[in-house]
Every structure is written in C-alpha cells, then in structure tokens.
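Right, one structure below, let's go through it.
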Amino acid sequence: FRSHREQSQYLGDAQMQYDLFSYAFASDYSDFLYKTLLDFSGAQHENGQFPFITPTTVENFSNQIPEYDMRYPDLLYQYYYYTGKTDALEEFYEVAEKAAAHWEEYIDGTGLMTKPPLWSISDWPSSIVDDSGKYQTTMNLHMYDVFDKMSLISEVLGKDAEAASYRQKAEDISAAITANLIDPETGIYMDSYGSEKRNPGVTAFAIFLGQAPESLRTQQLDYIAKTELESTSVLPSKVILTKPVLHVLLQGNDSHKEAD
C-alpha cells in the first residue's frame, strides 16, 4: 500500500520540496512546479477539493487533507514569484479560486474556519499538535494565507475587485484568529480553540505568514526559541512546522539568531 501511494505527489509535500528547490535552482525548477499545478488541476473534484495525492486511479487514495489543499494558491503564487511569468496564474486561477471557495464554506459566525471531519495534518506526525478544538489554529492560518495569496494573484492579473474582496476576507479571518486563538495572558497561539497546548511551531507559522500582531513579536520569539531549545532530544516542531520556526528565529533579533 505505502510503496504505491508514495509514488505519487502529495500537494503539501510538493510545497516543502519547492521551497527548497526554488531557492536553490530558481526558475530552472519551474517546470516541475508547473507539472504539480497541472496534475492537481486535472484531479480536482467538482466541489473544489483535491485528492491527497495525484496522479492516482485508486479510490482508496482519494482522501482529503484540507491544509494540503490550501497550499495550492501559495504554490501558484510561488511559481509567479520565482519566474515572473503569469501564464500559470491565468491558467490555474479558477482552480485556485474553486479550492478557496470550498474551504471558505467552513467559516462560521465567529469568523473562524471550523475543523472539517477529514485528515488533519498541522505537522507530521500530526499528533504533536492538538487539534481537538472546534477551530484548529494552523488550519485557520492556512485559510488566511489562501485569501492573502488569492488577493496577490488577483492583483497581478488586474482583477481589482477580486483582489479587494480577498484582501478583506484575509483581514476578517486574521482578526478572528487574533481574537480567539491567541492566549490573552501569554500572547502565544493555542494549538486549537480551548487547547492547553502551545506548540511553538504554530506561533511561528503565524509570524511567518505575517498574520501575528507585531506588538506580540518579542514575547512570541522568546517563547519559540526557549521552547525549541529546551527540547534537547526531540524538537516540538517537526517536518512541516520546522521551516517557519527556523525562518522566524533567523529573522529575529540577535539573541534569537544565536539561540537558533
């Protein structure tokens, strides 16, 4: 089962690979990124979701991972960012738009996205982030990033009305995240609504995306550096959330850089 499954591409895994390869090889790697965008556009379901891997013809491999689905707009924008080409933006705009619209349906009256009854993968292994609450923090941060990237893509394509609409949606969910998913006593992000756990990677992800309030930056960076360094054997953040942790520590002040 596993050997067959791993022969196809996970959308979220592609994100992590291209973060590295695009930096190392720049536009020389853009054809591979384009193929991922193309493959998943062809596999997209009518409701806007993607299978968790593609290509595939096996029904058992048609699970959905919401947080991976929400990487599609970012991958699309990344193609433009590293190449300066708008061809993929134009070709796959409706694909990204459709995916965004599907997950937006889960936003309720609080302004937050409720957790769908699907595979949750804030980090890997997924159990290291507590997703027991109705509102999962990383998932809401991904939704914020979807709106943010769709606004940027729309702006590049001259779709001013769409850009403004997505920007407002990004601001709205950002405000809801800040009001409901940050511990008011510490300024640290909860793993999920009502959770007692505070995985440092979750807070790092919010800073990395530009969603975290600037006024909380110093105490958040202090917490991330201290918590990661105190784990001498196994870091709290692993496969997925290690990137934002390293990024925000390296972009922090001198003491955080030294800690990292």
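Residue numbers count from 1 along this sequence.
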I would like to know whether L75 and F40 meet side chain to side chain contact (heavy atoms under 4.5 Å, CB included); could you show each step before the answer? CA-CA 11 Å; L75 275 170; F40 277 91; over 6 Å; no

Which atom names give the shortest non-hydrogen contact between [X] and [Y], and what distance separates them?
| X | Y | answer |
| --- | --- | --- |
| N199 | I128 | ND2-O, 3.4 Å |
| M150 | A96 | SD-CB, 3.6 Å |
| R71 | G12 | CG-CA, 4.4 Å |
| G210 | Y144 | O-OH, 3.8 Å |
| A204 | V248 | O-CG1, 3.6 Å |
| G133 | S192 | N-OG, 3.0 Å |

How about [X] and [Y]: do any of their side-chain heavy atoms sit closer than 4.5 Å?
| X | Y | value |
| --- | --- | --- |
| P244 | I207 | no |
| P116 | Q64 | no |
| L112 | L181 | yes |
| P73 | F147 | no |
| E155 | D160 | no |

Looking at [X] and [Y], would you say the former's side chain and the latter's main chain have a donor-acceptor pair under 3.5 Å?
| X | Y | value |
| --- | --- | --- |
| Y72 | L37 | yes |
| H102 | Q49 | no |
| S174 | E171 | no |
| S151 | A163 | yes |
| S165 | A161 | no |

More than 12 heavy atoms of other residues, nucleotides or ligands under 6.0 Å from CD of E97: is that the case? yes

Is the count of non-hydrogen atoms from other residues, nucleotides or ligands lying under 6.0 Å from E94 atom CD greater than 12? no

Check: F50 ring centre within less than 6.0 Å of Y68 ring centre: no

So that I know where these two stand, are Y34 and F92 an aromatic pair - ring centroids less than 6.0 Å apart? yes

Between atom [atom1] of [X] and atom [atom2] of [Y], what is the distance when rounded to the nearest 0.5 Å?
| X | Y | atom1 | atom2 | answer |
| --- | --- | --- | --- | --- |
| N140 | D145 | CG | CG | 12.5 Å |
| K159 | L89 | NZ | CG | 10.5 Å |
| T86 | E91 | OG1 | CD | 11.5 Å |
| S30 | Y79 | OG | OH | 5.0 Å |
| L76 | T36 | CG | OG1 | 12.0 Å |
| I224 | K226 | CD1 | NZ | 13.0 Å |

Can [X] and [Y] be counted as having a side-chain donor-acceptor contact under 3.5 angstrom?
| X | Y | value |
| --- | --- | --- |
| D13 | Q17 | no |
| D74 | Q15 | yes |
| Q219 | T186 | no |
| Y189 | Q211 | yes |

Pair D131-T138, side chain to side chain contact (heavy atoms under 4.5 Å, CB included): steps then yes or no: CA-CA 9 Å; D131 67 351; T138 56; over 6 Å; no

Closer than 4.0 angstrom, basic N to acidic O: yes or no for R198 and D191? no

Walk me through whether D108 and Y135 qualify under side chain to side chain donor-acceptor pair (under 3.5 Å). CA-CA 10 Å; D108 67 12; Y135 307 105; 2.5 Å; yes

Among K134, Q136, M139, exactly one meets side-chain contact (heavy atoms from CB on, under 4.5 Å) together with T114. Which residue is that? K134

For side chain to side chain contact (heavy atoms under 4.5 Å, CB included), just list the numbers for R167 and D148, CA-CA rounded to whole Å, side-chain angles, deciding distance to a tenth of an Å, and then say yes or no. CA-CA 6 Å; R167 179 54 54 203; D148 178 59; 2.8 Å; yes

Give the C-alpha distance, both sets of side-chain angles, the deciding distance and a yes or no for side chain to side chain contact (heavy atoms under 4.5 Å, CB included) between E162 and I153. CA-CA 9 Å; E162 290 87 346; I153 292 169; over 6 Å; no

Between M190 and L241, is there a shared hydrophobic cluster once you connect ILVMFWY residues whose side-chain heavy atoms come closer than 4.5 Å? no

Parallel, tilted or perpendicular, as decided by the 30° and 60° cut-offs, for the rings of Y77 and Y80: tilted

With sequence neighbours excluded, tell me which residues meet salt bridge (Lys or Arg N to Asp or Glu O under 4.0 Å) with D39. K35

